[in-house]
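As the structure lists them, so they are numbered: ligands from 1, and atoms in each ligand from 1.
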Amino acid sequence: MRFDVITLFPELVEQVISCGVVGRAADQDLLQLNCWNPRQYTLDRHRTVDDRPYGGGPGMLMKVQPLQDAIRAVRQQNKQGRLIYLSPQGIPVKQAMLARQVDEGSIIFLCGRYEGVDERLIRQEVDEEWSIGDYVISGGELAAMVCIDAITRLIPGALGHDQSAQQDSFSEGLLDCPHYTRPEEFQGCKVPELLVKGNHQQIEDWREQQALGRTWQRRPDLLEHIVLDDRRQALLDEYIDEFKKTGQKT
Ligand code: 9D3
């Protein structure tokens, strides 16, 4: 997988390959990360990368010429990759969009800074505009790093065996069930008994029920996209009944 990132802060974006899953994937050459700094394409002695907005008002925009030249430079090396502009106005990023990018083999991220990018440049050069959620961050770099991390996890061979197996499990599209480790009693709270006793089928059912129930409680929007078979509907119904009786599911 090839990632090209157009950014005024390459040293920040490059940190994404310094640790963990993404770092190991880079070490194994499963991904390549190239940063392109518009500042390198400036022509004035002050290396200006911002410019004033027509119509006035506070805030600056990214200066068009260095950005355009940086985009042209990337395009010479990466001709087929989709160019994604990361901005608060983008469509919300979903796992399925990221999975598609793995199949395409390369992607170009444009990280906005200041108040953003001239609308004509977006129209002419940008294939898609993405946001990572309804909160304000200071620029596109952290959003690009989020996307690179999430896409890398989908590259075949990037996850260890255990994590890959987990990814394929039933829970796709649902929140995860609760997890417990030692000690068996912690600050007066015990691990659910059936996890300790360990009937395999009971544990599987309990985990699936917890995943369904927590999704119902915390993210009902996710359940709307899922068709539950009779077995899963019964597990969820039981969770809901228990919740309504006791006020909380143990
Ligand atoms: C004054 C209006 N603000 C727009 C909501 C200004 C503004 C805020 C933050 C302009 C740019 C930014 C920088 N944010 C990003 O570049 C960004 C972002 C985000 O803020 N939230 C969620 N996803 C993303 S992706 C890029």
Check your understanding: Applying a strict 4.0 Å limit to heavy atoms, is Gly116 in contact with ligand 1?
Key -> no
Check your understanding: Does ligand 1 have a heavy atom under 4.0 Å from the side chain of Ser131, from its backbone, from both, or from neither?
Key -> both
Review point. Is there any N or O on Tyr135 that sits under 3.5 Å from an N or O of ligand 1?
Key: yes
Check your understanding: Do any nitrogen or oxygen atoms of Pro88 come within less than 3.5 Å of a nitrogen or oxygen of ligand 1?
Key -> no
Review point. Which is closest to atom 10 (C) of ligand 1 by heavy-atom distance: Tyr85, Phe109, Tyr114?
Key: Tyr114
Point to revise | Polar side-chain atom of Tyr85 near backbone of Val117 as donor-acceptor pair, under 3.5 Å | key: yes
Review point. Going by atom types alone, do Asn34 and Gln32 pair a side-chain donor with an acceptor below 3.5 Å?
Key: yes
**Study point:** Closest candidate by heavy atom, reference atom 15 (C) of ligand 1, pool Ala144, Gly139, Gly112
**Key:** Gly139
**Study point:** Closest protein heavy atom to atom 22 (C) of ligand 1, given as residue, atom name and distance to 0.1 Å
**Key:** Gly133 O, 3.2 Å
Point to revise | Option passing side chain to side chain contact (heavy atoms under 4.5 Å, CB included) with Asp205 (candidates Gln202, Gln209, Gln201) | key: Gln201
Review point. What protein heavy atom sits nearest atom 20 (O) of ligand 1, and how far off is it?
Key: Ile137 N, 3.0 Å
Review point. Have Asp237 and Gln233 got a donor and an acceptor in their side chains that come within less than 3.5 Å?
Key: yes
Practice item. Could you check atom 25 (S) of ligand 1 against the protein and tell me its nearest heavy-atom contact, residue, atom and distance included? Key: Ser87 N, 3.4 Å
Exercise for review: Do me a favour and list the nearest non-hydrogen protein atom to atom 2 (C) of ligand 1 with residue, atom name and distance?
Suggested key: Glu115 OE1, 4.3 Å
Review point. Among protein heavy atoms, which sits nearest to atom 23 (N) of ligand 1, and what does the distance come to when rounded to 0.1 Å?
Key: Ile132 N, 3.1 Å
Point to revise | Element-labelled atoms of ligand 1 that are located less than 4.0 Å from some non-hydrogen atom of Ala143 | key: 25 (S)
Point to revise | Asp27 and Arg24 ion-paired at < 4.0 Å | key: no
Check your understanding: When you check the gap from the basic side-chain N to the acidic O, do Arg100 and Asp127 get nearer than 4.0 Å?
Key -> no
Check your understanding: Going from CZ on Phe109 to CD1 on Ile6, what distance comes out if it is rounded to the nearest 0.5 angstrom?
Key -> 11.5 Å
Exercise for review: Kindly confirm or rule out an N or O of Val136 lying under 3.5 angstrom from an N or O of ligand 1.
Suggested key: no
Revision key, fill the gap. Honestly, for Cys111 the part within reach of ligand 1 (heavy atoms, under 4.0 Å) is neither
